[in-house]
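Heavy-atom basis, side chains included; hydrogens, waters and symmetry copies ignored.
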Protein chains: 2
Amino acid sequence: MDMGILIDTFGYLLRRAWRDADRRFAHHFRTLDISAVQFSVLELIDRNPGCTPGDLVMPMGITQNNMVGIIADLVKRGFVTKKTDAHDRRARKLSLTDEGATMLSAAHAVHDLYLAEYAQRIGAGNLKDLVRLLRMFDRG
Amino acid sequence: MDMGILIDTFGYLLRRAWRDADRRFAHHFRTLDISAVQFSVLELIDRNPGCTPGDLVMPMGITQNNMVGIIADLVKRGFVTKKTDAHDRRARKLSLTDEGATMLSAAHAVHDLYLAEYAQRIGAGNLKDLVRLLRMFDRG
DNA sequence: TATTGTTATACTCTATAACTATA
DNA sequence: TATAGTTATAGAGTATAACAATA
């Protein structure tokens with residue numbers, strides 16, 4: 001099949017690559033039962049304890065209303081605590097529970113295997129180049 | 001905000017980059033009113049006249065049932081014709097109409113502007129490197 | 001029996017708008 | 001009046017299963 005301009009079109013290729021990465025992520029994380037978004041949120045809360053749902057909106061590229069459900073699920077599963085900020089009672093401060101820290105630790109281990117698979121498929125040097133290039137897509 | 005390992009995580013960065021690319025695509029194509037998937041399908045039909053919906057399944061990464069609606073919409077809008085194959089009456093042969101060819105031509109012009117915007121943001125050399133790397137993600 | 005296309009359906013992700021409680 | 005979070009809802013996108021027509 002003639003791919004026309006698609007073979008050189010980064011948008012088309014980005015979509016395919018993202019779907020491939022997401023699918024393989026889901027496969028690796030099927031026993032832990034967390035999505036790529038949930039993993040990223042746990043990582044951000046771990047590195048920024050006391051952050052609010054609003055703080056996660058920009059780095060995650062998820063709107064505030066949709067963040068509610070993601071946080072609620074992590075709280076329900078016992079990985080995250082959500083407490084009203086004493087100084088601004090509108091805000092909710094997020095932290096990992098011990099269970100959340102354990103889950104994140106396990107997730108890091110699985111993520112290393114996932115990365116190793118890609119390093120074998122794509123090459124570690126190529127992945128490093130890819131990360132450098134993708135960082136340029138930060139949007140306002 | 002501390003991004004933790006996410007700053008080096010290609011899956012996280014792929015998601016952000018894809019969403020950025022898709023959003024800007026939609027912005028550029030708002031007057032033509034076609035999505036990135038529709039553009040890709042038109043391109044494939046143009047380069048492979050007489051192809052079937054099934055032929056598009058693998059390159060597009062879309063399942064056959066969902067392809068039905070995409071094709072039906074393009075037919076409804078007068079860009080694509082769908083004819084039963086005389087030699088295999090199960091198959092439907094797809095081609096662009098004159099209107100479809102005109103639309104694709106206009107889409108190419110818009111796509112060039114879209115690419116020029118990214119070339120300015122990211123750099124033409126970086127985009128070329130990115131395309132080379134993303135091609136490695138072809139999946140079976 | 002197998003294949004092509006199709007319909008039905010459900011689940012996830014995302015987006016907009018309106019609401020609440022606080023400030 | 002503005003902000004943080006929340007609820008409701010609708011629209012894409014995607015997936016599985018079952019079906020019709022044809023091979």
Please tabulate, for the side chains in residues 101-115 of chain B, all donor-acceptor contacts under 3.5 angstrom to protein atoms that are two or more places apart in sequence or on a different chain.
from   : atom 1 : to    : atom 2 : distance (Å)
B:T102 : OG1    : B:D98 : O      : 3.0
B:H108 : NE2    : B:E43 : OE1    : 2.7
B:Y114 : OH     : B:A21 : O      : 3.3

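A salt bridge links B:R24 with B:D20: the distance from a Lys NZ or Arg NE/NH1/NH2 to an Asp or Glu carboxylate oxygen falls below 4.0 Å. The residues B:R135 and A:D8 are annotated as salt-bridged, a charged nitrogen and a carboxylate oxygen being separated by less than 4.0 angstrom.
For residues 47-54 of chain A, proximity to DNA chain D is found at A:T52, A:P53, A:G54, defined as any non-hydrogen atom under 4.0 angstrom from a strand atom.
A:K76 has its NZ atom 16 Å from the P atom of D:dT6, to the nearest Å. For the pair B:I71 CD1 and C:dG5 P, the interatomic distance rounds to 9 Å; values are reported in whole Å. B:R16 places its CZ atom 16 Å from the C1' atom of C:dT14, with the value rounded to the nearest Å. For the pair A:M67 CE and C:dC13 P, the computed distance is 13 Å after rounding to whole Å. Straight-line distance from the CG atom of B:D73 to the C1' atom of D:dG11: 14 Å, rounded to whole Å. If you measure from atom NZ of B:K93 to atom P of C:dG5, you get 11 Å, rounded to the nearest angstrom. The interatomic distance linking B:W18 (CH2) with C:dT14 (P) rounds to 12 Å, in whole Å. Here C:dC13 presents its P atom at 16 Å from CG of B:D22, a figure rounded to the nearest Å.
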Original post:
Reading nucleotides 17-23 of chain D 5' to 3', which nucleotides get B (base under 4.0 Å from a protein heavy atom), which S (sugar-phosphate only), which -?
Top reply: B---BBS
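You'll find that the side chain of A:I62 is closest to C:dT14, out of D:dT14, C:dT14, D:dG5. Closest approach to the A:Q64 side chain among C:dA15, D:dG5, D:dA15 is made by D:dG5 (side chain taken as heavy atoms from C-beta onward).
As judged by a 4.0 angstrom heavy-atom cut-off over every strand, B:K82 is placed among residues touching the sugar-phosphate backbone only.
Nearest-nucleotide positions on DNA chain C place B:D55 closer to the 5' end than the other of B:D55 and B:N66.
Between A:R15 and D:dG13 there is no side-chain polar atom (N or O) within less than 4.0 angstrom of OP1 or OP2. Taking side-chain N and O atoms only, B:R19 has no distance below 4.0 Å to OP1 or OP2 of C:dC13. Considering only side-chain N and O atoms, B:R92 lies nowhere under 4.0 angstrom from the phosphate OP1 or OP2 of C:dT3.
Between A:H28 and A:E117 there is a side-chain heavy-atom pair separated by less than 4.5 Å. Side chains of A:L94 and A:P53 form a contact here, defined as non-hydrogen atoms less than 4.5 Å apart. Within the 4.5 Å cutoff, the side chain of A:V80 has heavy atoms near those of the A:L96 side chain. Between B:D129 and A:D129 the shortest side-chain heavy-atom distance does not fall below 4.5 Å. Counting heavy atoms from C-beta on, the side chains of B:K82 and B:L74 never come closer than 4.5 Å.
We find the CZ-CE distance between A:R47 and B:M3 to be 11.0 Å, quoted to the nearest 0.5 Å. Note that the CZ atom of A:F137 and the CG atom of B:L13 stand 10.5 Å from one another [nearest 0.5 Å].
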